[in-house]
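Down below is the structure, laid out as C-alpha cells.
Order of listing sets the numbers, starting from 1, for every ligand and every atom in it.
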Amino acid sequence: MRQALRPLLVLMLVLLAGQGRAEEALRVEEVAPGVYVHAGAVALMSRANRGDIANIGFVVGGRSVAVIDTGGSVAVARGLLAAIRKVTDKPVSHVINTHMHPDHVFGNAAFAGLNAVFAGHRNLPRALEARGEHYLRANRALIGDSLVGEVKIIAPTLLVDEEATIDLGGRPLRLRAWPAAHTDNDLTVLDEETGTLFAGDLLFMDHVPVVDGSIKRWLEVLDALSRIPALRVVPGHGPTSAPWPEALLPERRYLERLAADIRAAIAEGRQLSEAAQTAGQSESASWRLFEEFNARNATAAFSELEWE
Ligand SMILES: [Zn+2]
C-alpha cells in the first residue's frame with residue numbers, strides 16, 4: 001500500500017513545487033565534476049524561447065546546491081529546478097544572481113520558498129529597485145503577459161561588497177563583486193574545486209557584448225579577470241564553457257575596437273548619431289545580434305568617452 005502511494009505522493013510534491021505546473025527539466029551539461037550548465041539561446045527574449053537566452057547553472061556541494069542565475073522566466077527556472085532534481089536531492093541553499101538583467105533574474109521566484117539565500121553584488125538591490133518595473137513592462141511585449149505575470153523581482157539579501165565565500169559543504173564558492181563594467185552590479189563565481197569561473201555577462205561569446213555600465217572600466221576589469229586562476233569559464237551567453245583565459249580575447253578585441261573608433265570620432269568632432277553608425281563595424285561579421293546591439297553600445301561609449 002505504502003509503496004503504491006509513493007509515486008502519487010512524489011507527483012503531488014512536484015505539482016506543488018511548480019505551483020501547479022510540472023516543468024520539463026532543462027538540458028544541462030556537466031562541464032566539470034558537480035558543475036552543471038544550461039546554454040540559453042543566442043537570441044533576444046521571445047515568446048518562442050520563453051526568455052531562455054542566458055547561460056544558467058548550478059554547483060552541487062557536499063551538503064547543498066547553489067544556483068547561478070535563474071533565466072528569463074519562472075518557467076525556465078522551474079525547468080532548471082527539475083534538472084537539479086534529476087542530479088541530486090540536496091537542498092538549494094543559495095541563489096546567486098550575476099547581475100540585474102531580466103534574462104538572469106526573472107526566474108528567481110521559482111526558488112523562493114525553498115529557504116535559499118539570494119546573493120548578489122552590493123549594488124544589485126538598488127539596480128533592481130530602479131529598473132525592475134521597467135524590465136517587467138518592457139518584457140511583456142517580448143515574452144508575453146502570462147510569463148511576465150509570474151515574475152517577482154527578488155533582490156539579494158546576501159550582499160557582496162568585494163569578496164565573499166559561500167560553503168556548499170566542503171565546496172567553497174568565491175563570489176567577487178566588480179566595478180561598473182557590463183553593468184554596475186556584476187558578480188563572478190569561482191568554484192575552486194574544479195577551477196570553473198562563472199563570469200556572468202562580464203564575458204559574452206558568440207553574442208555581441210552589451211555595454212550597460214562602462215566600456216572603460218570593463219576593459220580594466222578584463223585585465224583583473226584574466227588573472228583569476230581558473231581552468232574554464234562559463235560565459236553569460238554562448239557555449240556552456242570555454243578554456244580560460246583565452247575565451248576573453250574576442251570580447252576584448254570588440255570592446256577595444258569600439259572604444260578606439262569612438263575616441264577617433266570624438267577627436268574628429270563627429271556627431272554621436274554618425275559615430276553610432278560607423279563605430280565597431282569592422283567587428284560585425286564576428287558576432288551574432290550585432291545589428292541589435294552595436295549602435296546602442298556605440299552610443300553608450302560615446303556618452304562615456306566624450307568626457308575623458
Ligand atoms: Zn546582461
Open item on the list: When you measure from the side chain of Trp218 to the backbone of Thr183, do you find a donor-acceptor pair of N or O atoms at a distance under 3.5 Å?
Closed with: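 No.
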Open item on the list: Using modelled atom types and a 3.5 Å cut-off, is there a donor and acceptor pairing between side-chain atoms of Arg122 and backbone atoms of Asp161?
Closed with: yes
Open item on the list: Using 0.5 Å steps for rounding, measure from the CZ atom of Phe106 to the CD1 atom of Ile143.
Closed with: 6.0 Å
Open item on the list: With 2.8 Å as the threshold, which protein atoms of type N, O or S lie near the Zn ion (ligand 1)? Leave waters out.
Closed with: His99 NE2, His101 ND1, His182 NE2, Asp201 OD2
Task: Whether over 12 other heavy atoms sit under 6.0 Å from Gln271 CD - done: no
Task: Check: Pro209 and Phe293 side chains under 4.5 Å, non-hydrogen atoms - done: no
Task: Any residue meeting ring-ring contact (aromatic ring centres under 6.0 Å, His included) with Phe204, in chain and number order, not counting sequence neighbours - done: His182, His207, His237
